[in-house]
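Below is one structure, written out as structure tokens; the observations come after it.
Residue numbering restarts at 1 for every chain, and letters A, B, ... go by the order of the sequence lines. Model, not experiment: these values are computed from the prediction.
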Amino acid sequence: MTPVIALKSVTRSFGAVEVLHGVDLALNAGEVHALIGENGAGKSTIMKILGGYLAPTTGQVLLDGRPVRFRNGPEAEAAGVVVIHQEFNLVPDLTVTGNIFLGRERTRHLRLDHQAMRDAAAELLARLDSPIPVDARIRDLSVPDRQMVEIAKALSRDARVLIMDEPSAALTHREVEALYAQVDRLRADGVALMFCSHRLDEVVRLADRITVLRDGAVVRRADRGELTEDSMATAMVGRELTDIFPPKDTVTSDELLSVQGLTVPGAVHDASLRLAGGEVLGIAGLVGSGRTELAEAIAGLRPARGRIAVSGQQIRIGSTRAAAAAGIAYLTEDRKEAGLLLTKPLTQNLTLSALDRFGFRIDRAREAQAMKDATREFDIRAASPDMPAGALSGGNQQKLLLAKTMLTEPRIVLIDEPTRGIDVGTKQQIYQFVRQLARQGRGVIVISSELPEVMGLADRMLVMRQGRIAGEVSGADITEEAIVRLAMGLDARMEPA
Amino acid sequence: QDAERKIIGVAIPTATHGFMGGLNWHARDTIDRLGKVYPNLEFVLSTSGEAAKQVSDIEDMLATRNIDALVVLPFESEPLTDPVKQVKAAGKFVTVVDRGLSEEGIEDLYVAGDNTAFGRVAGEYFRDNLEPGAKIVVLRGIPTTLDNERVEAFQAAMEGSDKEILDMQHGNWNRDDAFKVMQDYLAKYPQIDAVWAADDDMAVGVLEAIAQAGREGEMVVVGGAGMKDIVKRIMENDPQLPVNVTYPPALISSAIEMTALHFVSNAPMAGRYIIGSQLITPENAEQFYYPDSPF
Amino acid sequence: MKRIDLHLLGPLIALIGLFILGALLNPAFLAPANLSNVLARSAFIGLIAVGMTFVITQGGIDLSVGSMAAFIAGITIMAMNALAPITGANWGTILLGMGVALAGGALAGYVNGALVTKARIEAFIVTLGTMGIFRSLVTWLADGGTLSLDSGLRTLYRPVYFGGIGWITWPIIVFAIVAVLGEWTMRHTRFGRHVEATGSNDRVARYSAVDVARVRLQTYVLLGALVGLATILYVPRLGSASGSTGVLWELEAIAAVIIGGTALKGGTGRVWGTVVGVLILSLIDNILNLADLVSPYLNGAIQGVIIVLAVVLQREKRTADER
Amino acid sequence: MKRIDLHLLGPLIALIGLFILGALLNPAFLAPANLSNVLARSAFIGLIAVGMTFVITQGGIDLSVGSMAAFIAGITIMAMNALAPITGANWGTILLGMGVALAGGALAGYVNGALVTKARIEAFIVTLGTMGIFRSLVTWLADGGTLSLDSGLRTLYRPVYFGGIGWITWPIIVFAIVAVLGEWTMRHTRFGRHVEATGSNDRVARYSAVDVARVRLQTYVLLGALVGLATILYVPRLGSASGSTGVLWELEAIAAVIIGGTALKGGTGRVWGTVVGVLILSLIDNILNLADLVSPYLNGAIQGVIIVLAVVLQREKRTADER
Ligand SMILES: Nc1ncnc2c1ncn2[C@@H]1O[C@H](COP(=O)(O)OP(=O)(O)OP(=O)(O)O)[C@@H](O)[C@H]1O
Ligand SMILES: Nc1ncnc2c1ncn2[C@@H]1O[C@H](COP(=O)(O)OP(=O)(O)OP(=O)(O)O)[C@@H](O)[C@H]1O
Ligand SMILES: [Mg+2]
Ligand SMILES: [Mg+2]
């Protein structure tokens, strides 16, 4: 059987740096192919080449066994090769429907057929089990919702080949299930699928074939069942990974943060919490339960009512400067729109929140040193500190964002989705790092949609439901079941002890 | 005779309205003509849309073109006074046109229209020829000292008469603006007996607005500066346009010519030449009619 | 949702407020003749502003429209004057002249658009350049003075501005049709969608198979053609064009677009908002002329204050955005 | 990398080209007196354009600067004239006048900035409004005419424009200092970084604990103060202010900023590029005066062509960006 689409000894360079070294790869109809590898290994680059968004420097793309040269993405799409990008590709000012049909609007007698498109969009979203209103503007959607729209948009194309770059990174449990169902359906329809993911359980669950990439070269190929999660991780990272979560050796000190009756209109109602130095507090909940809003309000990014005190000192609500001065730092879940200046060099991004520590005349040498330190400490893989942040691989952008937040030396860190798009090896580093922050006596709040992650990290957990704090669990009581029950509105206490 | 090469700089405002357009035309026409007649004369013409730009242009003429004489129609009097004084101090011959400098005695030659008379003649015509109790609306030009002089003289001439000035708004010496202002006057005042449009470009817009409202029979329109189409209609005894007041854009020609004569003839040219504003009436209109002028 | 509605209605509320103010200040304000005047005057800027809405929504800008109108008016008049001796002072000649205006406008727009999309120069600079060029050319063609339409043609052509159906004159009718078509195009056609997508994020639009350069170019051509159409209505009014025709129209058109709620940085276009914006600007002028103020020198100040106030009602939306 | 260098050098190459052209057209071009004139007169727009670079980089715009300059010049003159009888025609009075100019400028800038950041109105509209307001106010203060500085003060004050160190007159010195400080501030201070971050993506800036509203406000105040400083140099040159002072300066300043390579949509500011842009614009005027052209009516056209050409050299960068 000829593969539907294949790469033949493809290399790709950005400037002088070669990031892919002679990659061979084939996708067959009716099969799901997983591409895994560390951050910056070249996964997105391969996918962009397949999808016509980048040209290979040398080597060939074969479609049905014949060499093709797509000049751009739309041309590949016309040939049935559809890509869901890691970076969102939605127009913020258009509605969900507008985006799904952008460039392929349906018309009747010149006039846009709004109803037909709206119905089709609703149908697609229903297939994904997603309640997003089709007339909502993308600008007003949360990150996971945007990802669902992106998936719906790709599904609306009649694809022979569907390539998904970390489709589930921004999704929560329920949405992921809907995605899997679609993957199964498409596979049964004979579509050739490829995806990459840092969730190895997902790879085990979905993939018929697995290709492991390291530093731009294929290091392992395997069929379904040949690799366990552990062996995948080992193949990716090139070393054994043990004990991904560090021990919870908590020594709490005095109360650091106290939030009382915090209300963010329309999102959070009467939330109260305490955080001690040296403690890691997890916040779990479904998408849209208001976790982000709560964290943003604490960081002064949203107007809110209530009281926030740091070390007993009341701070002004709704002022980022007041929050920053009190030592609160917030790491956003929306790194592209709110986290990094994508067109600015890495160094400028790194130091943006902490410029006052580089002197009145910004000390470039010290900045460069800080960049060097951050690159080492957070293992940021970048060709040069002067490259724009947007040119980093997704995972490396996340690491840069983390480094940027830490540079302010906060006393209280709020981390929203800390490991979105991060490979297993680095995840471990980040978990170590979070723990280390706590050991230094800082307070850490972790928000994550990956339950195992919060559970593995947190000393104590709050569960949010519909904008309210539904309950608290700590120590040995932190179980998946307890959390899910709270998140779903089933009282944990009703469970017989 | 004196075959030595002389360079005359001419600095005037840009053609932003009809009168200034006519003035620009006359300036270029005169320069072309004199350039042919006197091969040893060279002219440098600059037009500026703003006082500071005109000052710059004059600086450039002095610094890079080494002019021997300057003919200037100041964009505004105050800001140009000092720069022109510098030109004079550099030993150049200076002719000032139309708008006097704010300091006396700088220029060698002064050629100007008479703004006070321009307003007064129109005012006196209205005072003497309108019915008692007649109601008048006025369209003013671009807010400038010169517009103020005209309007003040107009008001002074009207003072004590039994005619009433209903309104004065700025039409900016522009046809379109005058059209709009006149439309609104017509909407606002049921009775208007006369319009002082103060400039023939504005008069064109005013006439169109009156025609649209179908009130041609009700009011007379007095413009100014003697645009050829208007003068022609006066010649033809148009009841809507009984008279006009001269303010000839050709005064720039006289200024340039006299400056040129300073160099090519032995007659010393100096002094003040005020070209008075006259009333154009159907009787004398013919002598103010220049069919070839663009204005 | 409530917030957004208020934002959408902001300019409309301002317009209604001005209306009431006008009626209170002077009863003549509500007379059909006055309203007809105001609407007809709005038509030039209105047509241009509708085109400008597309250009701004797409993420561009056009500073040259005022000069372009003057230039097109100039060549239209020259063309008609030149044709009149051959074809006679009849409607045929006028229709040819109208053809010149439309084609000339579209071509001028094409030049702007091509410089922006093909030569890839910042729209602000391109149109700042062509603004100077068009204005110079018309001054030069008119030899510093005024280009006037042949009087025979003039008489024939006049009703195109002044005539109509009762007090609903042709400019009002044309403006209304163009406004409705413009709104329809923005809301209900593929072109409108693509214009918004391009202005919102051109990279994404390109990834979605939108021919971004073509869309951009088309908006400039559309704007140029509408400038041509505005000229067709402008020429019969006073029958002349000069270097001072259309001065500052660009600023007025852009202001109308933005007062109407279209974002200067592109992405969302609101044609009906633009129409409201144009009417607001015209009404301010009219009301200032109808009312008796302290000093006409202060007209500009009052105008400025009203423009700012008209937009204050919109600010709610920006608060929501900023979150 | 090579591409970006070419882009950065683009305006500089255009400037050098103009220089060579000037020298070829007229040897007097290179005379110190001429260069001194050109540089000194660039200073007004130059100072304003440096401030404008910050405002545009931050993602804003200010259309009011020309009117603001006229207004500030007006009140400065009135203040000095009012003081002269009390304090006498001496340097003390002039220094007080300078203080009025600077404080007035900063205050006027503050008004713009506060309307943008606190009342949250689109900058284009705010400054379009204040543009009308300032211009009206100065016309009204001057009663439609001209406000002139007391002649005694005038004589004393003149050297501030015309004097200096040899042919390097004070305006040149002030402009040079402000340009260097401006470049330094943009490149090497926290404020500059914050300005760029705000213009690049204000949400990211806010999430990075940058007080976006404050940064925005500060750029307007800075621009206002620089307008005040420009006025301090302008008043001794012309000794007067009127409703037509500073007309279209805003367009010139914005054009200079963009020719210099600062993006209109914000995010990257290049102060030295702005300086080059200002010099390009001044040189074009100067060169047009050096040579005799077909018709002065076409000056504007030539100017337009050169502005567009000067920017063509930059387009490479945008190609790179767009991919
Ligand atoms: N436009 C670009 N310019 C320069 N370097 C680039 C560019 N795009 C990608 N790279 C580099 O190519 C390498 C591979 O990036 P790629 O995005 O393919 O990684 P990835 O495997 O998808 O990683 P992640 O898991 O973090 O998404 C990285 O080192 C990245 O910095
Ligand atoms: N700027 C915005 N404008 C309007 N609605 C928004 C905006 N941002 C988020 N929302 C909505 O608010 C709700 C809460 O979203 P949010 O993402 O903050 O929840 P969350 O609990 O943090 O979930 P997660 O982090 O998993 O996305 C969602 O329904 C989202 O669509
Ligand atoms: Mg990737
Ligand atoms: Mg969230």
Side-chain angles (χ1 to χ4, degrees), chain B residues 12 14-29 47 49 137-140 142-143 166-190 200-201 204-209 211-215 227-229 249 293-295, chain C residues 22 25-38 40-42 44 70 135-136 138-140 142-148 151 154 158-159 161-163 169 234 236-249 282 285-293 295-297 299-300:
Chain B
I12 54 178
T14 41
T16 49
H17 53 278
F19 171 79
M20 215 41 98
L23 193 126
N24 269 262
W25 184 85
H26 282 292
R28 298 211 306 132
D29 185 58
T47 63
V137 291
V138 175
L139 285 96
R140 306 188 55 163
I142 296 169
L166 290 174
D167 216 331
M168 299 205 276
Q169 299 282 349
H170 290 274
N172 303 324
W173 295 321
N174 177 295
R175 293 181 183 199
D176 290 305
D177 290 354
F179 176 80
K180 290 184 204 170
V181 171
M182 193 62 206
Q183 273 192 333
D184 291 342
Y185 279 161
L186 290 165
K188 189 175 177 185
Y189 301 108
D200 285 339
D201 252 314
V204 171
V206 165
L207 289 170
E208 203 59 63
Q212 183 203 12
R215 290 167 68 175
M227 185 195 281
K228 64 180 177 193
D229 299 334
S293 159
F295 179 65
Chain C
L25 281 175
N26 194 328
F29 173 77
L30 288 176
N34 186 54
L35 294 182
S36 170
N37 283 346
V38 174
R41 285 181 210 165
S42 312
F44 312 139
R135 175 115 8 245
S136 273
V138 66
T139 313
W140 179 69
D143 215 357
T146 305
L147 289 162
S148 297
S151 72
R154 181 76 211 291
R158 258 191 111 249
Y161 183 82
F162 293 100
T169 54
Y234 173 81
R237 184 164 92 175
L238 296 174
S240 62
S242 72
S244 61
T245 299
V247 169
L248 293 188
W249 282 9
S282 293
D285 273 348
N286 184 244
I287 290 174
L288 286 175
N289 280 339
L290 289 183
D292 287 302
L293 286 162
S295 158
Y297 297 143
N299 277 2

>> Please find the pair of heavy atoms, one from C:N289 and one from B:K188, that lie closest to each other, and give the distance.
In response: O-NZ, 3.1 Å
> For the residue pair B:A187 and C:N34, what are the closest heavy atoms and their distance?
Replying inline: CB-OD1, 3.7 Å
>> Which atoms of B:Y185 are under 4.5 Å from chain C, going by heavy atoms: the side chain, the backbone, both sets, or neither?
In response: neither
>> Check B:D176 with C:R41, please: is the shortest side-chain N to carboxylate O separation under 4.0 Å?
In response: no
>> Nearest 0.5 Å, please: how far is OG1 in C:T146 from CG in B:D229?
In response: 9.5 Å
> Highest number of heavy-atom pairs under 4.5 Å with chain B: which of C:S148, C:A33, C:S240, C:G239?
Replying inline: C:S240
> Using a distance-only test with no angle check, is there a side-chain donor-acceptor pair under 3.5 angstrom linking B:Q212 and C:N37?
Replying inline: yes
>> Once rounded to the nearest 0.5 Å, what's the spacing between atom CD of B:E208 and atom OH of C:Y161?
In response: 10.0 Å
> Is chain B contacted by the side chain of C:Y234, its backbone, both, or neither, given a heavy-atom distance below 4.5 Å?
Replying inline: side chain
>> Working to the nearest 0.5 angstrom, can you tell me the gap between B:D177 CG and C:S244 OG?
In response: 8.5 Å
>> On a heavy-atom basis, which atom in C:L238 and which in B:G205 lie closest, and how many Å separate them?
In response: CD2-CA, 3.9 Å
>> Within the structure provided, determine whether C:N299 and B:H170 are in side-chain contact (heavy-atom separation under 4.5 Å).
In response: no
> For C:L288, is it the side chain, the backbone, both, or neither that has a heavy atom closer than 4.5 Å to a heavy atom of chain B?
Replying inline: backbone
>> With a 4.5 angstrom heavy-atom cut-off, is it the side chain or the backbone of B:N172 that approaches chain C, or both, or neither?
In response: neither
> Any side-chain heavy atom of C:V38 sitting closer than 4.5 Å to one from B:Q183?
Replying inline: no
> Considering only heavy atoms, which portion of C:A40 lies under 4.5 Å from any heavy atom of chain B: side chain, backbone, both, or neither?
Replying inline: neither
> If you round to the nearest 0.5 Å, how far is CG of B:N174 from OG1 of C:T245?
Replying inline: 7.5 Å
> What part of C:R237 lies closer than 4.5 angstrom to a heavy atom of chain B: side chain, backbone, both or neither?
Replying inline: both
